[in-house]
Amino acid sequence: MMLDGKTALVTGGRGGIGRAIVARFLREGALVYAADLTPEGSLSAHDDDGSIFVKLDVTQEADAIAAMEQVGAEAGQLDILVNAAGIEIEKTIEQTTLEEWNQSFAVNVNGTFLTSKHALPLLRKGATSGTSASIINFGSYDGFIADPGLAAYCATKGAVHALTRAMACDHGPEGIRVNAICPGYVDTPMLQSFFTGDGSGGGGKTIDQLQQAVRDVHPMRTYGTPDDIANLVNWLASDEARYASGQLWVLDGGLSAQVQQMKL
Ligand SMILES: NC(=O)c1ccc[n+]([C@@H]2O[C@H](COP(=O)([O-])OP(=O)(O)OC[C@H]3O[C@@H](n4cnc5c(N)ncnc54)[C@H](O)[C@@H]3O)[C@@H](O)[C@H]2O)c1
């Protein structure tokens with residue numbers, strides 16, 4: 001088992017990608033705290049999986065402090081923090097209200113900042129006796145290149161990328177590695193709402209047609225599953241990744257490697 005004896009906290013831990021990460025960490029032997037707004041997160045129900053639910057709104061500093069107090073009292077240290085909580089607003093800047101803009105940054109950027117800040121004392125305890133602690137943030141391929149109609153989301157993910165590098169520089173000397181996962185399209189409730197939302201540019205297409213169109217544009221002719229993401233998160237969390245820090249790991253089936261095909 002790759003994470004035997006380690007303690008992990010995953011924000012957005014009851015969302016589509018978060019659940020797959022939590023499940024993988026549990027299979028690898030970790031003690032896992034799944035932090036989210038509700039026990040169900042972005043899905044309609046949740047069966048007990050052996051993780052410990054922590055109610056955490058990542059926009060609230062008091063919640064971050066309370067969550068880390070709980071982990072500290074119960075586990076004594078933290079080895080792995082995954083900042084997977086996120087929201088996506090499907091609008092251009094002209095359509096986006098200041099409130100929506102601020103909420104996007106509150107969850108995606110402030111949430112990563114606040115949870116990481118208050119996890120650091122416990123992560124330093126994890127980074128002892130030759131093993132490093134690991135923070136894994138969630139960026140996006142949208143932090144490099146833009147999908148139309150996702151302006152605030154793209155801006156937040158670019159900020160998470162820059163923050164990841166800054167945190168890696170500051171906390172590497174303490175034995176804390178910091179990386180970001182940058183997924184392309186992954187089949188979760190967030191992607192489903194993109195297909196059904198106003199910003200999808202669907203123009204009368206059915207969801208099946210939209211999904212096929214998205215698959216077709218990928219070099220690998222598919223989009224990702226939460227388990228695809230959890231595989232890389234698991235490796236970055238493990239001691240095998242002891243030399244990996246400060247990087248933005250794109251997992252997108254080759255999508256961002258290609259120029260758009262001309263339709264002749
Ligand atoms: N699905 C994709 O295609 C995709 C692509 C690129 C990046 N991402 C990123 O991956 C991460 C996970 O996304 P997902 O697809 O699993 O989405 P999701 O909507 O299934 O899950 C997100 C989770 O975050 C939680 N959350 C939202 N606001 C919160 C808050 N204030 N405090 C705590 N939790 C909160 C939700 O309850 C939900 O459980 C996000 O950061 C997202 O931006 C997803």
Side-chain angles (χ1 to χ4, degrees), residues 9-24 33-46 51 53-64 66-67 81-90 100 102-116 136-147 150 152-161 163-164 180-197 199-200 210-211 214-215 218 222-230 232-233 248-253 255-256:
L9 185 140
V10 182
T11 74
R14 294 285 163 85
I17 292 174
R19 284 184 192 219
I21 296 168
V22 167
R24 180 65 190 270
Y33 290 85
D36 211 311
L37 293 173
T38 63
E40 296 78 27
S42 62
L43 289 97
S44 53
H46 183 263
S51 63
F53 175 72
V54 181
K55 187 169 163 42
L56 168 64
D57 179 342
V58 296
T59 68
Q60 302 300 313
E61 187 162 25
D63 282 14
L81 170 66
V82 181
N83 288 305
I87 59 169
E88 181 184 270
I89 290 169
E90 290 150 26
E100 289 169 331
N102 287 340
Q103 184 62 12
S104 298
F105 274 80
V107 178
N108 298 355
V109 184
N110 298 8
T112 301
F113 154 63
L114 287 172
T115 312
S116 301
I136 298 150
N137 294 332
F138 265 78
S140 171
Y141 91 124
D142 278 315
F144 297 106
I145 55 175
D147 270 309
L150 285 180
Y153 184 75
C154 292
T156 63
K157 293 303 184 177
V160 168
H161 294 179
L163 177 62
T164 298
I181 299 273
C182 310
Y185 288 77
V186 184
D187 195 7
T188 69
M190 185 178 279
L191 183 61
Q192 295 307 323
S193 67
F194 175 75
F195 284 133
T196 54
S200 66
L210 283 171
Q211 288 177 329
V214 169
R215 286 193 192 96
H218 286 72
T222 187
Y223 42 76
T225 67
D227 284 340
D228 291 325
I229 306 303
L232 181 53
V233 172
L248 311 173
W249 300 78
V250 178
L251 260 184
D252 67 354
L255 184 59
S256 59

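Everything numeric in this text was worked out from a predicted model, so none of it was measured. Counting starts at 1 for both ligands and their atoms, in listed order.
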Gap between atom CG of Asn108 and atom CZ of Phe138 - 0.5 Å precision | 12.0 Å

Option nearest [atom] (shortest heavy-atom distance, choices [options]):
{"atom": "atom 23 (C) of ligand 1", "options": "Gly13, Cys182, Ser140, Gly12", "value": "Gly12"}
{"atom": "atom 42 (C) of ligand 1", "options": "Tyr153, Tyr185, Tyr141, Phe138", "value": "Tyr153"}
{"atom": "atom 11 (C) of ligand 1", "options": "Gly18, Gly111, Ala84, Gly86", "value": "Ala84"}

Give the atom numbers and elements of ligand 1 that come within less than 4.0 Å of a heavy atom of [X].
{"X": "Gly41", "answer": "37 (O), 39 (O)"}
{"X": "Asp57", "answer": "30 (C), 31 (N), 32 (N)"}
{"X": "Gly139", "answer": "7 (C)"}
{"X": "Leu56", "answer": "32 (N), 33 (C)"}

Among protein heavy atoms, which sits nearest to atom 6 (C) of ligand 1, and what does the distance come to when rounded to 0.1 Å?
->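 Ranked first by proximity to atom 6 (C) of ligand 1 is Pro183 O, 3.3 Å.
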
Which residue owns the protein heavy atom closest to atom 3 (O) of ligand 1, what's the atom, and how far is it?
->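 Ranking protein heavy atoms by distance from atom 3 (O) of ligand 1, first comes Val186 N, 2.8 Å.
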
With under 30° as parallel and over 60° as perpendicular, where do the rings of His161 and Phe144 fit, or are they tilted in between?
->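 Ring orientation of His161 relative to Phe144: tilted.
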
Heavy atoms only, cut-off 4.0 Å: how does [X] contact ligand 1, side chain, backbone, both, or neither?
{"X": "Tyr223", "value": "neither"}
{"X": "Lys157", "value": "side chain"}
{"X": "Val107", "value": "side chain"}
{"X": "Thr188", "value": "side chain"}

Can you find a non-hydrogen atom of Arg14 under 4.0 Å from ligand 1?
->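 Heavy atoms of Arg14 do come under 4.0 Å of ligand 1.
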
For Ser193, is the nearest heavy atom under 4.0 Å from an atom of ligand 1?
-> no

Hey, are [Y] and [X] close enough side-chain-wise for a donor-acceptor pair under 3.5 Å?
{"X": "Thr225", "Y": "Asp227", "result": "no"}
{"X": "Ser51", "Y": "Arg14", "result": "yes"}
{"X": "Thr164", "Y": "Asn137", "result": "yes"}

Could I get the full list of side-chain hydrogen bond (donor to acceptor under 3.5 Å, both in side chains) partners for Ser256, not counting sequence neighbours?
->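 With sequence neighbours excluded, Ser256 shows a side-chain hydrogen bond (donor to acceptor under 3.5 Å, both in side chains) to Asp252, given in chain and number order.
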
Would you please name every residue forming a ring-ring contact (aromatic ring centres under 6.0 Å, His included) with Tyr223, sequence neighbours left out?
-> none

